[in-house]
Amino acid sequence: VPAAEKKRWTLGDFDIGKPLGRGKFGHVYLAREKRSNHIVALKVLFKSQLQQSQVEHQLRREVEIQSHLRHPNILRLYGYFYDQKRVYLILEYAAKGELYKELQKCKYFSERRAATYVASLARALIYCHGKHVIHRDIKPENLLIGAQGELKIADFGWSVHTFNRRRTMCGTLDYLPPEMVESVEHDASVDIWSLGVLCYEFLYGVPPFEAKEHSDTYRSFELRVPHLRPSNTLRRIVQVDLKFPPKPIVSSSAKDLISQMLVKDSSQRLPLHKLLEHPWIVQNADPSG
Ligand SMILES: COc1ccc(C(=O)Nc2ccccc2)cc1NC(=O)CCSc1ncnc(N)c1Br
């Protein structure tokens with residue numbers, strides 16, 4: 001049987017539902033494919049904005065990469081289509097929404113929940129590295145939660161989110177590893193660094209190298225002159241100025257894992273497969289992910 005002809009989707013194939021979120025390049029809607037009644041998330045990108053930001057090639061590359069990725073912890077990109085003015089991405093719908101909202105609501109996660117998320121992200125990253133895809137942007141804003149509570153990496157590409165996503169106006173620097181701050185070439189080990197930052201933020205509710213100046217005076221300064229944001233965060237990153245606050249109480253096993261991931265020399269970072277054997281993960285992560 002000849003390979004199924006790639007279906008040409010059109011907007012008429014979908015019933016459009018409520019808005020799910022919005023990024024810089026466009027909005028995301030709940031949608032139902034009429035023939036199959038399959039629920040999806042439909043991301044609408046404006047061609048004009050893509051052209052202005054010269055990200056068409058980045059989008060084409062991302063669509064190409066995503067169409068070959070199949071993993072329970074990576075949000076599916078089922079397909080895309082376009083009309084005169086817009087490009088539409090047909091995405092898997094994550095029924096339990098955005099992880100960053102859940103983290104803001106709970107302040108921080110239990111060690112079992114944090115370990116379960118970290119283990120599932122490690123498995124997704126091992127899968128990506130196996131396909132020579134690195135640097136899946138794994139900060140909380142890019143993570144969604146599926147119907148069974150499982151984590152889904154949903155690279156939002158270049159879409160910049162409304163600033164209220166994080167306490168600071170400007171895009172967060174918190175997740176940059178030292179080699180990217182010092183802009184030397186980076187490899188898959190950047191993802192181990194970012195996963196370490198994420199693990200810390202899951203357990204403490206704040207990223208490890210955040211500039212302390214989140215006082216009101218600093219905030220007003222930042223709002224008024226965001227481009228002059230003191231790069232205390234960058235200094236703390238390149239010095240790996242890692243401190244564990246006394247509250248909330250976190251096990252020494254968790255701190256040990258984080259300390260093995262947030263290592264300046266990228267070749268010394270704990271490899272992802274070794275992470276899955278770390279006692280804290282073995283004792284706390286729910287195997288189902
Ligand atoms: C595989 O997921 C993507 C793949 C690609 C791109 C993208 O825009 N790439 C891109 C855009 C412009 C330029 C270059 C790349 C975006 C996503 N994903 C998203 O935007 C997530 C939309 S929000 C959402 N989605 C599902 N369920 C929910 N409950 C929610 Br809320």
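Any value given below was found using the heavy atoms of this structure, including those in side chains, with hydrogens, waters and symmetry copies removed. When a ligand or atom number is given, it counts from 1 through the structure's own listing order.
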Worksheet item: Side chains of Glu111 and Trp280: is there a donor and an acceptor less than 3.5 Å apart?
Response: yes
Item to complete: Answer with yes or no whether the side chains of Glu201 and Tyr175 bring together a donor and an acceptor at under 3.5 Å.
Response: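 The answer is yes; a qualifying pair exists.
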Whether [Y] and [X] form a salt bridge (side-chain N of Lys/Arg under 4.0 Å from carboxylate O of Asp/Glu) is what I want to check.
X	Y	result
Arg35	Asp13	yes
Lys43	Glu62	no
Asp241	Lys243	yes
Arg113	Glu102	yes

Mark up the atoms of ligand 1 that fall under 4.0 Å of a heavy atom belonging to [X], in ascending order.
X	answer
Leu89	5 (C), 6 (C), 7 (C), 8 (O)
Glu92	26 (C), 27 (N)
Gln58	14 (C)

Worksheet item: After noting the C-alpha distance and the side-chain angles of Arg269 and Glu179, does the key distance pass the salt bridge (charged side-chain N to carboxylate O under 4.0 Å, His left out) rule?
Response: CA-CA 13 Å; Arg269 287 174 201 155; Glu179 61 272 25; 2.8 Å; yes
Please state which part of [X] comes within less than 4.0 Å of ligand 1, counting heavy atoms only: side chain, backbone, both or neither.
X	answer
Leu75	both
Leu59	both
Ile74	neither

Worksheet entry | From the candidates Gly146, Gly97, Ala94, Ala95, the one that places a heavy atom nearest atom 27 (N) of ligand 1 | Ala94
Worksheet entry | From Leu42, Leu144, Leu69 - option closest to atom 30 (C) of ligand 1 by heavy atom | Leu144
Worksheet entry | Distance-only N or O hit between ligand 1 and Ala41, under 3.5 Å |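 By distance alone, the answer is no.
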Worksheet item: Taking N or O atoms only and a 3.5 Å limit, does Lys43 qualify as a polar contact for ligand 1?
Response: yes
Practice prompt. Examine ligand 1 and decide if any of its atoms is less than 4.0 Å from a heavy atom belonging to Lys96.
Written response: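 Contact absent.
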Practice prompt. Only one of Tyr80, Tyr88, Phe14 passes ring pair (Phe, Tyr, Trp, His ring centres under 6.0 Å) with Trp9; say which it is.
Written response: Phe14
